[in-house]
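Written below as structure tokens is the structure these notes are about.
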Amino acid sequence: MQLYKNQSLRVHNSLSGKKEFFQPINEGHIGMYVCGPTVYSNVHLGNCRTFMSFDMIFRYFKHLGFKVRYVRNITDAGHLENDADEGEDKIAKKAKLEQIEPMEVVQRYTVDFHETLQKFNFLSPSIEPTATGHIIEQIEIIKEILEKGFAYEINGSVYFDVIKFNEENEYGKLSGRKLEDMIANTRQLTAQDEKRNPQDFALWKKAEAQHIMRWPSPWGDGFPGWHLECTAMSTKYLGETFDIHGGGMDLKFPHHECEIAQAEASKGKSPVKYWLHANMLTLNGKKMSKSTGNNIYPAEIMSGENDILSKAYAPSVVRFFMMQAHYTSILDLSDDALLASEKGYHRLMDGLKNLESITTEATSNFDIPAWRQKCYDAMNDDFNTPILIAHLFDAVKHINLIKEGKETISQEDKTLLQNTMDNFVFDILGLENQAASKNDSSAMNGVMDLVIDLRNQARANKDFATSDKIRDELTALGIQLKDGKDGTTFSIN
RNA sequence: GGCAUCGUGGCCGAGUGGCUAGGCACAGCUCUGCAAAAGCUUGUACAGCGGUUCGAAUCCGCUCGAUGCCUCCA
């Protein structure tokens, strides 16, 4: 039987602002769409956090036995840098800057995106569609919206008529805005703006002569508006109504609001059952942002080459750091926080290693099945990874006690504990034991056994000068010796 | 200015009407040749001011502060 049948999951739905019981539209199946990156520059760590949150969610759904279709798009069609007509297309601008084709820009940063996510041990989405690959679908939706009367064409561009839409629908329901308030708060219109209303947004933009990225359409050469691609691709691959739409908090308005409007205008129904929003990663208390330069790149963290952090951090440490905060909370990146997470991460990994070697007895004085359900309860409560991790540390504590002979565990429980730990640590949180590969070499283990043996001989002979020299020099190499009841073990940091 | 979110012990970060979150750091103890590791113990935190309640960090109101969105951004 699939696990999801006896786990009751609740998710925070941005549309209602409440935690709701999660009930997929089709039992056992989940359709999930997440807004991906615009590939005009390298992904920074803030971008990664959002995708990592949904990677964790995807992993948990799969673990529960759902059949998940996870669609995460690549935005490779240029967006205007601002809404005014003279706005520049970000990808085209970058292409001009680097003196290459726009599609070379797209290719370069798509590759970077994939390489980066791979380092963080991401699972691939089921489908990763591109905006430029779905121009026809986007044009079809524009036609539908025009037919329904919720859009107008002017000078080769097509705009969504927000006021008209709002007459019978509710524009702003996701972000808690009222159209009247928005109109009242609008700044002076730019004179050359051809929109009927500042709240209207572009479905199709006419390409000026110098615009490189352009496609033919019934309204002349142009390019699609930013919000349209997600509507086109989510509808195509997940249907007119699907279970989950995710993205960063900063996309809630206007992007997701416009997606709802487009889908409702063209299909006559609300596209998404549960809207999930991941919160921002901040740096120095401010949102990471490409445009302001307040950001740090994954490569800089892994290499340690940056002005913010004192040292390099492994990708799994960064992942662990992020998983220690709830995905809906703002998380601030700092050296102190990473340092603390790194130690915690090693403690968890050491616990896992100790688990392999502990001996079993007839009974356990640690209720593994109850503990296991607590782990599920944490995840079932809107993917509460910080609580889950607290429970994992609880298990580590028991493992260490068993190792010291102060508690016992049965063989059956040990197997269950191992399976559960593996499930949550590796399959669901997506962590990797990054010291393991280094430890796995049999030559290394042989050498270490020899060194440990020599040191213990020196200790037995009370030759502490020699034994301390061995220990200190190993420490300097990043190898820590751990003297326990049943002999000495080591770990590499 | 409008809308939204948030303000938790030295730091990070959960919780959200009564019961120890957790990690890191610090201190004491056990263990150790000394350490480290591990275990145990201690720390009486919830921005401020009012209100509701038998009881609030948790609900309500106000004040102050921070952040996000309102133009592209995960």
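Because only heavy atoms are used, hydrogens play no part in the values below, and waters and symmetry mates are left out as well, while side chains stay in. Everything numeric in this text was worked out from a predicted model, so none of it was measured. Below, chains carry the letters A, B, ... as their sequence lines are ordered, and counting in each starts from 1.
- Nearest nucleotide to the Arg459(A) side chain, out of rG13(B), rA74(B), rC34(B): rC34(B).
- A distance of about 8 Å separates the C1' atoms of rG23(B) and rG13(B), rounded to the whole Å.
- Taking atom C1' in both rU63(B) and rG22(B), the straight-line distance is 33 Å, to the nearest Å.
- Comparing atom distances between the Arg471(A) side chain and each of rA14(B), rA35(B), rA74(B) picks out rA35(B) as nearest.
- Of the side-chain N and O atoms in Asn279(A), none sit less than 4.0 angstrom from OP1 or OP2 of rU5(B).
- Not counting sequence neighbours, Lys119(A) has no partner by the salt bridge (Lys or Arg N to Asp or Glu O under 4.0 Å) test.
- Here the nucleotide nearest the side chain of Glu404(A), chosen from rA38(B), rC40(B), rG2(B), is rA38(B).
- Comparing rC40(B), rC34(B), rC70(B) by their closest approach to the side chain of Phe253(A) singles out rC70(B).
- The aromatic rings of His227(A) and His255(A) lie tilted to each other, with the angle between the two planes from 30° to 60°.
- One finds a side-chain N or O of Lys290(A) lying less than 4.0 angstrom from the OP1 or OP2 phosphate oxygen of rA74(B).
- Ring-plane geometry between Phe51(A) and Phe113(A) is classed as perpendicular, the angle between the planes exceeding 60 degrees on a 0 to 90 degree scale with a lower cut at 30.
- Between Lys286(A) and the phosphate of rU67(B), there is a side-chain N or O to OP1/OP2 separation shorter than 4.0 Å.
- Rounded to the nearest Å, the gap between the C1' atom of rA4(B) and that of rA56(B) is 25 Å.
- For Asp468(A) and Arg455(A), the salt-bridge test fails: no basic side-chain N is under 4.0 Å from an acidic carboxylate O.
- The existence of a salt bridge linking Lys406(A) and Glu404(A) is confirmed by a sub-4.0 Å separation between a basic side-chain nitrogen and an acidic carboxylate oxygen.
- Secondary-structure stems of RNA chain B, taken as three or more successive Watson-Crick or G-U wobble pairs (i with j, i+1 with j-1) under a 3.5 Å distance threshold, comprise B:1-7 with B:64-70, B:10-12 with B:22-24, B:27-30 with B:38-41, B:47-51 with B:59-63.
- For the pair Asp483(A) and Arg459(A), the salt-bridge criterion is met [side-chain N within less than 4.0 Å of a carboxylate O].
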With 3.5 Å as the limit, what N/O pairs link the protein to nucleotides 16-25 of chain B?
| residue | atom | partner | partner atom | Å |
| --- | --- | --- | --- | --- |
| rA25(B) | OP1 | Lys343(A) | NZ | 2.9 |

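- For Asn384(A) and rA14(B), the shortest distance from a side-chain N or O to OP1 or OP2 is not below 4.0 Å.
- A heavy atom lying under 4.0 Å from RNA chain B marks the following residues of residues 462-470 of chain A, by number: Phe464(A), Ser467(A), Asp468(A).
- Taking the six-membered ring where tryptophan is involved, the planes of Tyr376(A) and Tyr60(A) are tilted, since the angle between them lies from 30° to 60°.
- Residues passing the side chain to side chain donor-acceptor pair (under 3.5 Å) test with Tyr171(A), sequence neighbours excluded: none.
- Each of Phe160(A), Tyr159(A), Phe253(A), Phe165(A) was scored for a ring-ring contact (aromatic ring centres under 6.0 Å, His included) with Phe201(A), with one residue passing: Phe160(A).
- Here Lys397(A) reaches the OP1 or OP2 of rC40(B): one of its side-chain N or O atoms lies under 4.0 Å away.
- Scored by the side chain to side chain donor-acceptor pair (under 3.5 Å) test, Lys374(A) finds no partners at all (sequence neighbours excluded).
- Which of rC69(B), rA36(B), rC12(B) sits closest to the side chain of Arg177(A) comes down to rC69(B).
- Between Lys19(A) and Asp382(A) no salt bridge is recorded (no basic side-chain N to carboxylate O distance below 4.0 Å).
- A salt bridge links Arg319(A) and Asp55(A); the closest N-O separation between the charged side-chain nitrogens and carboxylate oxygens is under 4.0 Å.
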